[in-house]
Every structure is written in structure tokens, then in C-alpha cells.
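Keep in mind that the numbers below use all heavy atoms, side chains included, and drop hydrogens, waters and symmetry copies. Atoms within each ligand, like the ligands themselves, are counted from 1 in listed order.
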Amino acid sequence: MKRFVYADSASTTKMNENAIKAMIPFLSCNFSNASSLYRSGREARKALEQSREKIAKILGASLPSEIFFTSGGSEADNWAIRGACNMLIKQNKKHIISSAFEHHAVLHTLQALEKEGYSVTYLDVYKEGIVRPEDVENAIREDTALVTIMYSNNEIGTIQPIEEIGKICRKNKVLFHTDAVGALANVQFDLKNQSIDMLSASAHKVHGPKGVGALYIKKGLNISNLIEGGAQERNRRAGTENVAGIVGFSVALEETHKNLSEKNKKLSALRDRLIKGISKIEKVVLNGHPTERLPGNVNVSFEGIEGESLLLRLDSEGICASSGSACTSGSLEPSHVLLAIGLSHEVAHGSLRLTLDENNTEEDVDHILNRLPGVVFELRNMSPLWEKIKCKA
Ligand SMILES: *Cc1c(COP(=O)(O)O)cnc(C)c1O
């Protein structure tokens with residue numbers, strides 16, 4: 001049988017079996033609206049609120065009411081940023097601090113706000129892909145409404161100094177939002193003791209269903225609504241609740257966080273085995289920080305080849321990988337993340353992201369290490385770019 005290796009968990013993850021099982025009743029026998037007053041509606045409501053409690057507890061929130069369900073990570077990011085800005089417009093605060101390598105859900109929201117008259121400072125992430133807290137402090141102005149910095153980068157896996165940044169924001173009385181969608185599967189949060197005002201989460205990156213996520217909003221913070229309509233989510237996010245999705249989200253998160261530190265240790269060992277094997281190939285660089293990175297993230301650039309053809313060849317070897325973020329594939333622009341850490345267009349084009357999770361095994365890593373060098377060799381042999389690089393050396 002042909003081997004199949006899924007190494008793209010930063011794009012999406014395989015659903016957890018128990019999460020699927022927990023969802024089925026709310027897709028079949030109990031399809032009721034959670035706002036309905038009859039028994040089945042009350043049961044749906046109960047499952048919804050229990051899911052909220054479960055997620056709040058795993059994230060270490062003070063209260064379940066700090067968790068608001070959304071249609072995913074993108075909506076949570078849009079809501080946090082727009083909601084904070086709309087709330088603070090009365091105080092004439094029209095400046096936002098962020099970084100150059102945020103997810104498009106943040107970046108494109110900020111770009112839209114710039115067109116509406118906001119000014120945005122995009123902080124440098126330097127070669128290693130990490131925002132410097134002192135840069136955040138220096139960028140804060142009288143009119144700064146919000147700082148939004150992702151917890152971990154979805155392409156190069158680097159983990160940001162979120163605690164320090166949060167403390168700086170708190171000291172300067174500026175709101176702090178973090179997109180933690182990519183970190184949620186591996187990081188233990190303790191939100192009641194952290195300096196985070198808002199945090200975005202998504203189910204499908206933690207073995208839950210697609211199309212559901214959450215925004216954590218610290219108690220007492222009344223950001224404006226993004227989606228108007230009915231009175232769901234205590235009047236703050238309209239729309240009939242996705243009961244099955246929310247139940248699946250809570251079970252998936254719970255299962256993913258079981259024995260988390262043990263899983264992370266195993267995962268880092270797999271990652272390091274993969275990095276070690278890949279680094280034997282000539283003219284390859286590891287992107288991001290060597291240690292301050294997610295336990296499952298490997299991102300490398302091969303000189304002289306083109307990411308898209310690499311992905312197609314790996315696909316025919318049964319390996320699912322990515323060349324950057326899924327949203328940019330198909331476009332010719334290299335990843336904004338790789339450009340932000342200073343890679344040239346040429347090198348960025350030859351990049352490969354392999355993201356592992358708890359379902360991956362040593363055999364998976366060995367299969368990749370078995371096929372990748374040959375594929376790179378073959379592609380380089382056909383590449384005029386590689387000819388030039390070889391001649392220069
Ligand atoms: C996947 C992802 C998102 C978007 O989440 P969706 O639920 O797919 O909308 C946002 N931010 C980061 C860092 C992500 O990895």
C-alpha cells in the first residue's frame with residue numbers, strides 16, 4: 001500500500017473521533033435551536049453552555065462568559081480589531097500596532113482600516129521572526145487604540161514574547177489582542193493570570209470542525225459588535241448558534257490538551273529529527289528561530305527550486321505539505337511572512353512548510369526524509385536557476 005503522510009496541520013487538522021461522536025446527536029436527533037424553550041432546545045442550550053465552560057476552563061479564563069463563539073479564527077480576528085477600534089473611536093484613538101507577518105485575517109483587516117483613516121505601525125520581526133517587546137513600547141502613542149500580535153506564526157512557527165508585550169500594553173493602558181489560532185494546539189494558557197485582553201481561537205486547527213471558533217474577551221471589556229442581528233451570545237454576536245460545531249470544538253480542544261506537555265515533547269523530537277535530516281541536503285536554510293518555535297513546525301527554503309513544483313512532486317509521493325499559507329498558494333507573490341524575515345523573492349519561492357501533530361509518527365518523518373532529497377535533486381536538475389547558483393559557488 002502506498003504510504004500517505006499528512007504534514008500540513010497548520011492548514012487544518014484531522015478531526016478527533018470523540019469530537020465527531022459528540023457532534024452527531026446535534027446534527028441528527030437533536031437539531032433544535034438553542035434558543036427554543038421546549039425540552040430539546042433546552043438540551044441544545046445546555047450542551048452549548050457546557051462547551052463554553054469546558055473551553056473557558058482549558059484556557060484558564062476567569063469566567064465562561066468571557067468566551068464568545070464565532071464562525072472561526074478569521075471572524076474572531078476581525079471582531080477583536082474592528083470591535084476595539086469602534087469602541088475607542090469616541091476617544092479619537094486611531095492608531096494600531098501590529099507586526100509585518102500577521103495572518104491575513106489580521107493584516108487585511110488592518111489594511112481596510114488604513115483606507116478608513118487609521119494609521120498602523122507594522123513592527124519588524126527581524127531575521128529570526130520574533131517581535132521585540134521594546135519595539136512595541138517605543139511604538140505606543142497617545143492615540144494608540146490596540147496592539148495586535150499573533151501568539152505564534154502560522155508559517156515559520158515562531159513563538160512571540162506575548163507575556164512581555166501584554167505587560168507593556170497593560171502598563172501603557174493599551175488594549176492587547178493576540179491571534180492564538182496556531183498556538184492553541186500546543187500552548188497551555190492561563191488567561192486569568194495573563195496580560196491578554198482578547199484572544200482568537202479556531203476549532204479546525206485543534207482537531208475540531210471547520211467553521212467554528214471563539215474570541216476570548218476579558219470581563220468588563222465592551223468592544224463593539226461585528227455581527228448584528230439576534231440576541232445570541234448575550235447580545236454580542238448574532239446568529240443561530242452552531243451547537244454541533246461548538247460541542248465538537250470543546251471536545252477536540254479537551255482531547256488535544258490531554259497530556260499536552262508529554263505530546264509536545266514527542267512532537268519536538270519528531271520535528272528535530274525532520275530538521276536534522278533535511279539539513280543534510282545542500283543549500284537549504286531553516287526559516288524562523290531554532291528553538292522558539294512550535295513543536296510541530298518545520299519551514300525551510302531550498303535554493304534553486306520552486307515551491308509549487310516541489311509540493312506537486314511531494315504529493316505524488318503521498319506527502320501533503322505546504323509552501324506557505326494555503327490562502328496565498330495559487331498566487332505568484334511569495335509569502336509575506338518569508339519576505340518579512342528578509343528572504344529574497346527567489347529564495348522565498350523555494351520554501352516548504354511541513355507541520356506535524358500528534359497523529360504523526362517516526363515512520364512519517366522517515367518517509368519524508370526518504371523521498372524529499374530525491375525530489376529536490378530531480379527538480380534542481382531541471383532548473384536553470386540551480387545551474388546559475390552552482391556556477392557561482
Ligand atoms: C487558520 C488561521 C486563522 C484563520 O482561522 P479560520 O478558522 O480558518 O478562519 C487565523 N489565524 C491564524 C494564525 C491561523 O493559523
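Here the heavy atom of the protein found nearest to atom 7 (O) of ligand 1 is S202 OG, 2.6 Å.
For R380 (side chain) and E303 (main-chain N/O), a donor-acceptor pair under 3.5 Å exists by modelled atom type.
Among G213, G73, A201, the residue whose heavy atom sits closest to atom 6 (P) of ligand 1 is G73. Comparing E155, K205, H103 by heavy-atom distance to atom 15 (O) of ligand 1, the nearest is K205.
Ligand 1 places these atoms under 4.0 Å from at least one heavy atom of H204: 6 (P), 7 (O), 8 (O). Counting the atoms of ligand 1 from 1 in the order shown, those under 4.0 Å from a heavy atom of G72 are 7 (O). Less than 4.0 angstrom separates some heavy atom of S74 from each of these atoms of ligand 1: 4 (C), 5 (O), 6 (P), 9 (O). Listed by number with element, the atoms of ligand 1 under 4.0 angstrom from any heavy atom of D77 are 10 (C), 11 (N). Listed by number with element, the atoms of ligand 1 under 4.0 Å from a non-hydrogen atom of V181 are 1 (C), 2 (C), 3 (C), 10 (C), 11 (N), 12 (C), 14 (C), 15 (O).
Neither side chain, T158 nor N153, offers a donor N or O lying under 3.5 Å from an acceptor on the other. Residues N287 and S301 bring a donor and an acceptor atom of their side chains to less than 3.5 Å of each other.
When all heavy atoms of S152 and G182 are compared, the closest pair comes out as OG-C, 3.5 Å. Closest approach of V243 and A34 over heavy atoms only: CG2-CB, 4.0 Å.
Of the N or O atoms in D179, one or more lie within a sub-3.5 Å distance of an N or O in ligand 1.
Under a cut-off of 6.0 angstrom, the local environment of CD in E142 is sparse, with at most 12 non-hydrogen atoms contributed by other residues, nucleotides or ligands.
Salt bridge K171/E137: present, at least one basic N to carboxylate O contact under 4.0 Å.
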